[in-house]
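Working notes for the structure below.
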Number of protein chains: 2
Amino acid sequence: MLDCQNHEVCIESAMREADLICQEKGLRFTELRREVLRLIWLSHVPAKAYDILDKLKGKAWSAKPPTVYRALDFLQETGLVHKLDSINAYIGCSHPREHNGCYFLICTDCNEAKECCSPELTDAIELAWTKNSFRPKKVTLEVLGQCGECE
Amino acid sequence: MLDCQNHEVCIESAMREADLICQEKGLRFTELRREVLRLIWLSHVPAKAYDILDKLKGKAWSAKPPTVYRALDFLQETGLVHKLDSINAYIGCSHPREHNGCYFLICTDCNEAKECCSPELTDAIELAWTKNSFRPKKVTLEVLGQCGECE
DNA sequence: TTTAAAATTGTTATATTATAACATTTAAGT
DNA sequence: ACTTAAATGTTATAATATAACAATTTTAAA
Ligand SMILES: [Zn+2]
Ligand SMILES: [Zn+2]
Ligand SMILES: [Zn+2]
Ligand SMILES: [Zn+2]
């Protein structure tokens, strides 16, 4: 599905961005939060909370569910990670500085997910809710289907 | 949020439509499925599976989780009910014959949800996935926020 | 109209996802 | 150093959903 040639590059740049963003915002990017973000970035397949938990257990941490969910909460609040409600899984944000009007294509064959942006889409959605005099707080837009490489 | 003057009318017309659709499609709209749909239609606030379960228990049925989830599966397959992934709740489809390119506005104050359609939105989404050579199977589009009547 | 097959429902158990509540430790500011 | 706030540890439990198999009901064939 993805235009990812060298995934090490994805991971490294995501972690570097996260460092900078937390530093700028004065947030504490602890070892635990850092490791959870890294585990999520291990692939472009959205990670399940309890899989992250299992991987953490293999390391130094005495990890239990709250350990993971707290880190996930922090990462979501900071915009570094998104939850995909249609599959109950978590994926790293591919552009955490300018996330806005994004949606997700999720392949049910290879399980990879891709974060996309479309200004037309954002406009159409905005038009829709102003017509309904609705004040949006959170938009969930996820498309399940088959990606181009899984035919 | 809604333009619902007399909710009895909503319920009656939804049930009648469901009857017709199941008849046309040769599907068995059993008492159980019928009752679950009616319970969902009791309000415009999406229903939680275990709340439906509790209400069923008050009636003739020896209801257990599979009882409800099976009925919900049937109703979703038939297009009579939608699951809202962002809140894990179920709502009756307001136009089950022509459901297509719909999205949901969900008020976090009054908890009501409204099913809307927007051709521009549908077009924008279609454009987006063809650009990504993606074959969509299911679109989830839900907006959490505050409705016009809850300010 | 019996009988076989299929669909539906009943029942028990368990899997999956997530949070509450309180104790302990670590980091930051004074 | 002392105080406070934030983060993490720990135990328990809540909330959501499915697996597996048995019993019943409906449909359809023989
Ligand atoms: Zn990559
Ligand atoms: Zn993003
Ligand atoms: Zn109504
Ligand atoms: Zn609908």
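Everything quoted here is computed from the prediction, not taken from an experiment. The figures that follow rest on heavy atoms only: side chains count, while hydrogens, waters and symmetry mates do not. First the proteins, then the strands, lettered A, B, ... as listed; each starts at 1.
- Atoms CZ (Phe29(B)) and C1' (dT25(D)) sit 18 Å apart, rounded to a whole Å.
- Between Arg135(B) and Glu151(A), at least one side-chain nitrogen of the basic residue sits less than 4.0 Å from a carboxylate oxygen of the acidic one, meeting the salt-bridge criterion.
- Of all nucleotides listed (dT11(C), dT19(C), dT10(D)), dT19(C) comes nearest to the side chain of Pro65(A).
- Atom-to-atom, CG of Leu72(A) to C1' of dT8(D) comes out at 15 Å; the value is rounded to the nearest Å.
- One finds a side-chain N or O of Ser62(A) lying less than 4.0 angstrom from the OP1 or OP2 phosphate oxygen of dT10(D).
- In this structure, Trp61(A) atom CH2 and dT10(D) atom P are separated by 14 Å, rounded to whole Å.
- One finds no side-chain N or O of Tyr50(A) lying less than 4.0 angstrom from the OP1 or OP2 phosphate oxygen of dT17(C).
- Ring to ring, His82(A) and Phe104(A) are close: their centroids are under 6.0 angstrom apart.
- Ring geometry for Phe74(A) versus Phe29(A): interplanar angle under 30°, hence parallel rather than tilted (30 to 60°).
- Residue contacts for Arg33(A): at a heavy-atom cut-off of 4.0 Å it reaches the sugar-phosphate backbone alone, with no base atom in range.
- Per the geometry, OH belonging to Tyr69(A) stands 11 Å off C1' belonging to dA15(D), to the nearest Å.
- Across all strands, Arg28(B) comes closer than 4.0 Å only to sugar-phosphate atoms, never to a base (heavy-atom distances).
- Between Asn88(B) and dA15(D) there is no side-chain N or O to OP1 or OP2 distance below 4.0 Å.
- Between Glu24(B) and Arg97(B) there is a salt bridge, with a side-chain nitrogen of the basic residue lying less than 4.0 Å from a carboxylate oxygen of the acidic one.
- You'll find that the side chain of Pro66(A) is closest to dT10(D), out of dA17(D), dT10(D), dG10(C).
- Applying the 4.0 Å criterion to OP1 and OP2 of dA15(D), one finds that Lys48(B) has every side-chain N and O outside that range.
- Tyr90(A) comes within 4.0 angstrom of the backbone, heavy atoms only, and of no base.
- Comparing Thr30(B) and Lys64(B) against DNA chain C, the residue whose closest nucleotide sits nearer the 5' end is Thr30(B).
- Atom pair Asp85(A):CG and dT17(C):P shows a separation of 13 Å (rounding to whole Å applied).
- Between Lys138(B) and Asp85(B), at least one side-chain N (NZ, or NE/NH1/NH2) sits under 4.0 Å from a carboxylate O, which counts as a salt bridge.
- Distance, Leu53(A) CG to dT10(D) P: 13 Å, rounded to whole Å.
- Within the nucleic acid shown, Phe74(B) has no heavy atom closer than 4.0 Å to any nucleic acid atom.
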